[in-house]
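Data block below; observations after.
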Amino acid sequence: MADRRIWHEHDILEALAAGATVVTASERLARAVRLAHAEARHGGGEQVWERAEVLSWNGLLHMLFTRHEDAALDGGPRGQALRLLDTHQTEALWESVLRDSPAAAALLQPGVTAQATQQAWALCQAYDLSLERISQHAD
């Protein structure tokens, strides 16, 4: 195959064949990896195979959250119930926080600012940046 959809495709396919779980940056890349895996298996003459375990980063977080929820229901750590918010709920929460902030009057588009804030916060979490670390470097 001359044009590759994914970097290190050979290594990733070997890892999947050995039973590894692959985590990708996006759902689109996860689909591309699953497709490459299926094409490789089919090209090897196989008619049936198990679906490769390929998860996007968000898919992995959702799976881990779900496992945590299941553990809590099965007698695991109790406390305040956790709830996974979808994208729209998260944007609404950020918008509410922004509207209640002292800088709210200066915002022309709180909804757009909420989307940008949500994306920035997701990046902070992905790179394990704490609020303390961010505030140390903020002007």
Side-chain angles (χ1 to χ4, degrees):
M1 184 159 100
D3 75 305
R4 299 214 178 241
R5 288 183 295 267
I6 54 177
W7 287 351
H8 306 288
E9 184 173 315
H10 178 74
D11 297 333
I12 292 170
L13 293 177
E14 278 187 0
L16 288 171
T21 298
V22 172
V23 179
T24 66
S26 67
E27 186 57 42
R28 183 177 181 182
L29 183 55
R31 284 190 304 270
V33 171
R34 284 191 292 269
L35 178 61
H37 176 259
E39 288 174 347
R41 296 309 270 288
H42 189 263
E46 296 181 51
Q47 297 294 319
V48 179
W49 56 86
E50 284 190 41
R51 183 176 186 211
E53 188 163 11
V54 183
L55 300 168
S56 66
W57 175 250
N58 286 338
L60 174 68
L61 294 178
H62 187 269
M63 181 189 73
L64 293 173
F65 180 85
T66 302
R67 285 186 184 170
H68 175 77
E69 281 288 291
D70 291 344
L73 293 174
D74 291 337
R78 300 264 180 210
Q80 188 172 357
L82 298 175
R83 182 174 170 200
L84 187 62
L85 302 179
D86 66 23
T87 303
H88 300 293
Q89 292 169 321
T90 306
E91 286 176 14
L93 182 60
W94 276 114
E95 189 169 343
S96 172
V97 168
L98 289 169
R99 287 185 190 278
D100 292 343
S101 77
L107 296 175
L108 296 176
Q109 295 180 311
V112 173
T113 305
Q115 288 175 345
T117 305
Q118 175 189 0
Q119 292 169 352
W121 181 243
L123 283 172
C124 290
Q125 290 179 316
Y127 286 95
D128 198 24
L129 298 175
S130 67
L131 287 176
E132 293 79 24
R133 186 169 177 198
I134 294 168
S135 63
Q136 288 173 352
H137 300 286
D139 290 332

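The analysis underlying the following values was restricted to heavy atoms, covering all of them including side chains, and did not include hydrogens, waters or symmetry mates. Only a predicted model underlies this, so the values are computations on that prediction, with no experimental measurement involved.
Listed by chain and residue number, Val22, Leu29, Ala30, Val33, Val54, Ser56 satisfy the side chain to side chain contact (heavy atoms under 4.5 Å, CB included) test with Thr24 (two or more places apart in sequence, or in another chain). Applying the side chain to side chain contact (heavy atoms under 4.5 Å, CB included) criterion to Leu85, with sequence neighbours excluded, gives Arg83, Gln89, Thr90, Leu93. In this view, Glu14 and His10 satisfy the side chain to side chain donor-acceptor pair (under 3.5 Å) rule, not counting sequence neighbours.
Contacts classified as salt bridge (charged side-chain N to carboxylate O under 4.0 Å, His left out) and involving residues 116-133 (residues at least two apart or in different chains) are not found. Counting only residues at least two apart or in different chains, salt bridge (charged side-chain N to carboxylate O under 4.0 Å, His left out) contacts with residues 48-63 are absent. For the salt bridge (charged side-chain N to carboxylate O under 4.0 Å, His left out) condition, the pairs that include at least one residue of residues 99-125, sequence neighbours left out, are Glu95-Arg99.
Hydrophobic clustering of Ile, Leu, Val, Met, Phe, Trp and Tyr side chains at less than 4.5 Å, counting indirect connections, unites Leu64 with Trp57. In this structure, Leu123 is a member of the same hydrophobic cluster as Ile134, with clusters built from ILVMFWY side-chain heavy atoms closer than 4.5 Å. Both Met63 and Val23 sit in one connected hydrophobic cluster of ILVMFWY residues. Membership requires side-chain heavy atoms under 4.5 Å apart, directly or through other members.
Across Ala36 and Ile6, no two heavy atoms sit closer than the pair CB-CD1, 4.3 Å.
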Apply side-chain contact (heavy atoms from CB on, under 4.5 Å) to the pair Gln118 and Thr87, showing each step before the final yes or no.
CA-CA 9 Å; Gln118 175 189 0; Thr87 303; 3.8 Å; yes
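With Thr66 contributing its side chain and His62 its backbone, the two residues share a donor-acceptor pair below 3.5 Å.
With His37 as the fixed residue, the side-chain hydrogen bond (donor to acceptor under 3.5 Å, both in side chains) test singles out one of Arg41, Glu39, Arg34: Arg41.
One distance of note links OG1 of Thr113 with CH2 of Trp94; it measures 12.0 Å at 0.5 Å rounding. Here the straight-line distance linking atom CD of Glu91 with atom CG of Leu98 works out to 11.5 Å at 0.5 Å rounding.
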